[in-house]
Amino acid sequence: MSAGADCAPGAVEIKTAPIPDPEQIEVVVLNGTERTGLAEQAAGQLEDRGFKVIEVGDTDERIDEAALVKYGPEEYAGGLHTHAYFYGGRDGFDLEWEEPITIVLGDAFKEVRSTSDARQSFAQSGGITTPDGTCAVE
């Protein structure tokens, strides 16, 4: 990509639009709890909402929140959209992240939000702002 007109030198360019549909988003779902089968349960709910689940497993990473949604600049818009499906989830954007969007389920996880609830949450978030060290490109 060529540098955007408003990009500061050294800023990482991220695509903020269009927001991909769940059918265009590949995710990894990891169980970060002691609850057996949690990743499989969440993966099924994500697939019901159209997401492409490419891997399911366990992790030693433990979090208290419902979920930690990890993603990097390449998956920025998809990561934001995915995050909206986890009430009480934490946004895990990382400039260095080069893996697929990865969801680590935490102790507060109950269920994946419905598509309508996720859309409402996303709409109420006030739109997309770019993180420090990045700039938006179309």
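Residue numbers run from 1 in the order of the sequence given. Excluded from the calculations below are hydrogen atoms, water molecules and symmetry mates; all remaining heavy atoms, backbone and side chain alike, are included.
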| Taking T102 for the side chain and P100 for the main chain, is one N or O donor matched with an acceptor at less than 3.5 Å? | yes
| request: Take atom CD of E96 as the centre, draw a 6.0 Å sphere, and report whether it contains more than 12 heavy atoms from other residues, nucleotides or ligands. | output: no
| Closest contact, heavy atoms only, V69 versus G79 | CG1-O, 4.0 Å
| field | Spacing of CD1 belonging to I25 relative to CD1 belonging to I101, to within rounding of 0.5 Å | value | 5.5 Å
| message | Could you go through L80 and D91, starting from their C-alpha distance and side-chain angles, then the distance that decides it, and tell me whether this counts as side-chain contact (heavy atoms from CB on, under 4.5 Å)? | response | CA-CA 8 Å; L80 286 176; D91 184 304; 3.8 Å; yes
| Quick one: CZ on F122 to CG on D117, what's the gap to the nearest 0.5 Å? | 15.0 Å
| query | For the side chain of H81 and the backbone of P22, is there at least one donor-acceptor N/O pair under 3.5 Å apart? | reply | no
| task | Could you tell me whether a side-chain N or O of D21 sits under 3.5 Å from a main-chain N or O of E23, the two making a donor and an acceptor? | result | no
| task | Output the distance between atom CZ (F51) and atom CD (Q24), rounded to the nearest 0.5 Å. | result | 11.0 Å
| Mind checking whether V53 and L38 sit in one hydrophobic cluster, side chains of I, L, V, M, F, W, Y counted as touching below 4.5 Å? | yes
| field | Closest approach of D132 to L95 (non-hydrogen atoms, all atoms of both residues) | value | O-CD1, 4.1 Å
| field | Flag if over 12 foreign heavy atoms under 6.0 Å of CZ, R35 | value | yes
| Nearest heavy-atom neighbours spanning A42 and F109 | CB-CZ, 3.8 Å
| request: Over all heavy atoms of both residues, which pair between G57 and A39 is shortest? Give the atoms and the distance, please. | output: O-CB, 3.5 Å
| query | Sub-3.5 Å donor-acceptor pair from the side chain of Q45 to the main-chain atoms of V112, do we have one? | reply | yes
| task | Considering non-hydrogen atoms only, spot the tightest contact between L30 and T59 and give its length. | result | CB-CG2, 3.9 Å
| If you measure from NE2 on H83 to OH on Y71, what distance do you get to the nearest 0.5 Å? | 7.0 Å
| Backbone of G32 reached by a side-chain donor or acceptor of R62 within 3.5 Å | yes
| request: Apply the test side-chain contact (heavy atoms from CB on, under 4.5 Å) to residues L105 and F86: give CA-CA distance (whole Å), side-chain angles for both, the deciding distance (0.1 Å), then the verdict. | output: CA-CA 9 Å; L105 300 171; F86 292 91; 4.0 Å; yes
| query | How are the rings of F93 and Y76 set relative to one another: parallel (under 30°), tilted (30 to 60°) or perpendicular (over 60°)? | reply | perpendicular
| remark: Tightest non-hydrogen contact, residues V56 and A43, listed as CG2-CB, 3.6 Å
| request: Starting at OG1 of T36, measure out to CD of Q41 and round the result to the nearest 0.5 Å. | output: 11.5 Å
| remark: Output for pair (L46 CG, K52 NZ), nearest 0.5 Å, gives 14.0 Å
| query | So does E75 pair up with K70, basic N to acidic O under 4.0 Å? | reply | no
